[in-house]
Each structure stands twice: as structure tokens, then as C-alpha cells.
Amino acid sequence: AIADALPDGVDRSACLHLARTIPAIIGRGHALEESVVFPTLEDASGLDGLDDTVERLRFEHFSDDCYAEELSEALIAFGAGRTEVAPATLGYMLRGFFEGLRRHLAFERAVIMPLLKLR
């Protein structure tokens, strides 16, 4: 909604709220996967390439965490009315962040969830 409302229709308090929540939500989701899902997958035997897949997902988590922090900083700046973040840049960042998450989740639904069901 924020990206769609750019440049002039953005609720700046929504930017500040999103800035505070994105890193925490992403962090909690990653912590759950890394403490429950990944160990379950690593304990699975006979599944070739699974270690590489888990390592890839860990790297994506690191990348997503970094991006969430950058996005949070940009949302705070925009929400506070500072001009160092252009509306087009913020829109690009929001859409890029959520597109990356959508791809990650789609992979987990298509590949990881069926493996966990086997387990």
C-alpha cells in the first residue's frame, strides 16, 4: 500500500510503523526456520543436495535481514519527511524486498514443505 501510494499519498506514520515491524517479523520467521525447519532437513538422510539447499536458504535469510534493515532505515527517513530517500527509490526498495520474499516463500512451499511432510 505504501509503494502504491507514492509519491504524495503515503501515510508517513504507516512508514514508521512498517519500519519498526519489518526487521522484527523477518527475524522471528528466520529464527523459527533456522531452529526448527533447517535442523529437521539436515537430519534427513538420503536426500542429495539438501545441505546445499539449506545453505542457500541461510544465505537468503542473511540477505533478507540486511535488506530489511536498509528498508527500515529508508522508511524511517521517508516517514520523518527527510529528503535523502526519493519516492521512486523507496518504491523500488519495497517492491524488490517483497518480491524476494515471495520467491523465497514459493520455493519453500514447493520444495521444503513436501520434504518436511516426508520427514
Undergrad: Are Leu32 and Leu105 connected, step by step, through hydrophobic side chains (Ile, Leu, Val, Met, Phe, Trp, Tyr) whose heavy atoms are closer than 4.5 Å?
TA: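 Unlinked, Leu32 and Leu105 end up in two clusters.
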
Undergrad: If you define the side chain from C-beta out and look only at heavy atoms, does anything of Thr53 sit under 4.5 Å from Leu115?
TA: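 Answer no - side chains too far apart.
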
Undergrad: Please say yes or no: joined through hydrophobic side-chain contacts below 4.5 Å, possibly via intermediate residues, are Met113 and Val111 part of one cluster?
TA: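 The answer is yes; both residues are in one hydrophobic cluster.
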
Undergrad: Would you say Leu57 and Glu34 make side-chain contact, with heavy atoms under 4.5 Å?
TA: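 Side-chain contact under 4.5 Å: no.
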
Undergrad: Given the rule in the side chain to side chain contact (heavy atoms under 4.5 Å, CB included) test, do Val10 and Leu90 qualify, once you have shown the distances and angles that lead to the verdict?
TA: CA-CA 11 Å; Val10 175; Leu90 183 59; 6.0 Å; no

Undergrad: How about Leu16 and Arg12: do any of their side-chain heavy atoms sit closer than 4.5 Å?
TA: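 They are not in side-chain contact.
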
Undergrad: Out of curiosity, Ile26 CD1 to Glu69 CD, how far, rounded to the nearest 0.5 Å?
TA: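 Going from CD1 on Ile26 over to CD on Glu69, the span is 10.5 Å.
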
Undergrad: Would you please test Arg58 and Glu33 for side chain to side chain contact (heavy atoms under 4.5 Å, CB included) and show each step?
TA: CA-CA 9 Å; Arg58 277 196 176 98; Glu33 286 185 2; over 6 Å; no

Undergrad: Can you tell me how far CD1 of Ile2 sits from CE of Met93, rounded to the nearest 0.5 angstrom?
TA: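 With rounding to 0.5 Å, CE (Met93) is 12.5 Å from CD1 (Ile2).
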
Undergrad: Please give me the minimum heavy-atom distance between Ile112 and Val37, naming the atom from each residue.
TA: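 Closest heavy-atom pair between Ile112 and Val37: CG2-CG1, 4.0 Å.
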
Undergrad: Could you walk me through whether Glu108 and Glu60 pass side chain to side chain contact (heavy atoms under 4.5 Å, CB included), step by step?
TA: CA-CA 12 Å; Glu108 289 178 341; Glu60 286 181 12; over 6 Å; no

Undergrad: What is the minimum heavy-atom distance between Ala77 and Val85, and which atoms define it?
TA: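 Closest heavy-atom pair between Ala77 and Val85: CB-CG2, 4.0 Å.
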
Undergrad: Any side-chain heavy atom of Phe107 within less than 4.5 Å of one from Arg56?
TA: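 Side-chain contact under 4.5 Å: yes.
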
Undergrad: So for atom CZ, which belongs to Phe62, do other residues, nucleotides or ligands contribute more than 12 heavy atoms lying within a distance under 6.0 Å?
TA: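 No, the 6.0 Å shell around CZ holds no more than 12 heavy atoms from other groups.
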
Undergrad: Looking only at non-hydrogen atoms, find the nearest pair between Leu75 and Ala19 and report the distance.
TA: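 Shortest heavy-atom contact: CB-CB, 3.7 Å.
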
Undergrad: Working note: Asp51 + Glu55, criterion side chain to side chain contact (heavy atoms under 4.5 Å, CB included); need CA distance, chi angles, decisive distance, verdict.
TA: CA-CA 6 Å; Asp51 290 340; Glu55 187 60 31; over 6 Å; no

Undergrad: Of all heavy-atom pairs between Phe97 and Asp64, which one has the smallest distance, and what is that distance?
TA: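 Nearest pair, atom of Phe97 first, then Asp64: CE1-O, 3.8 Å.
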
Undergrad: If every non-hydrogen atom of Ala68 is compared with every non-hydrogen atom of Ile22, which pair is closest and at what distance?
TA: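 Heavy atoms only, the tightest pair is CB-CG2, 3.7 Å.
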
Undergrad: Pairing donors with acceptors under 3.5 angstrom, does anything connect the side chains of Asp65 and His30?
TA: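 Present: a donor and an acceptor within the cut-off.
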
Undergrad: May I ask you to test the Phe78-Leu6 pair for a side-chain heavy-atom distance under 4.5 Å?
TA: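 Yes; the side chains approach each other to less than 4.5 Å.
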
Undergrad: Taking all heavy atoms of Tyr67 and all of Tyr92, pick out the closest pair and write down the distance.
TA: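 Heavy atoms only, the tightest pair is OH-O, 4.1 Å.
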
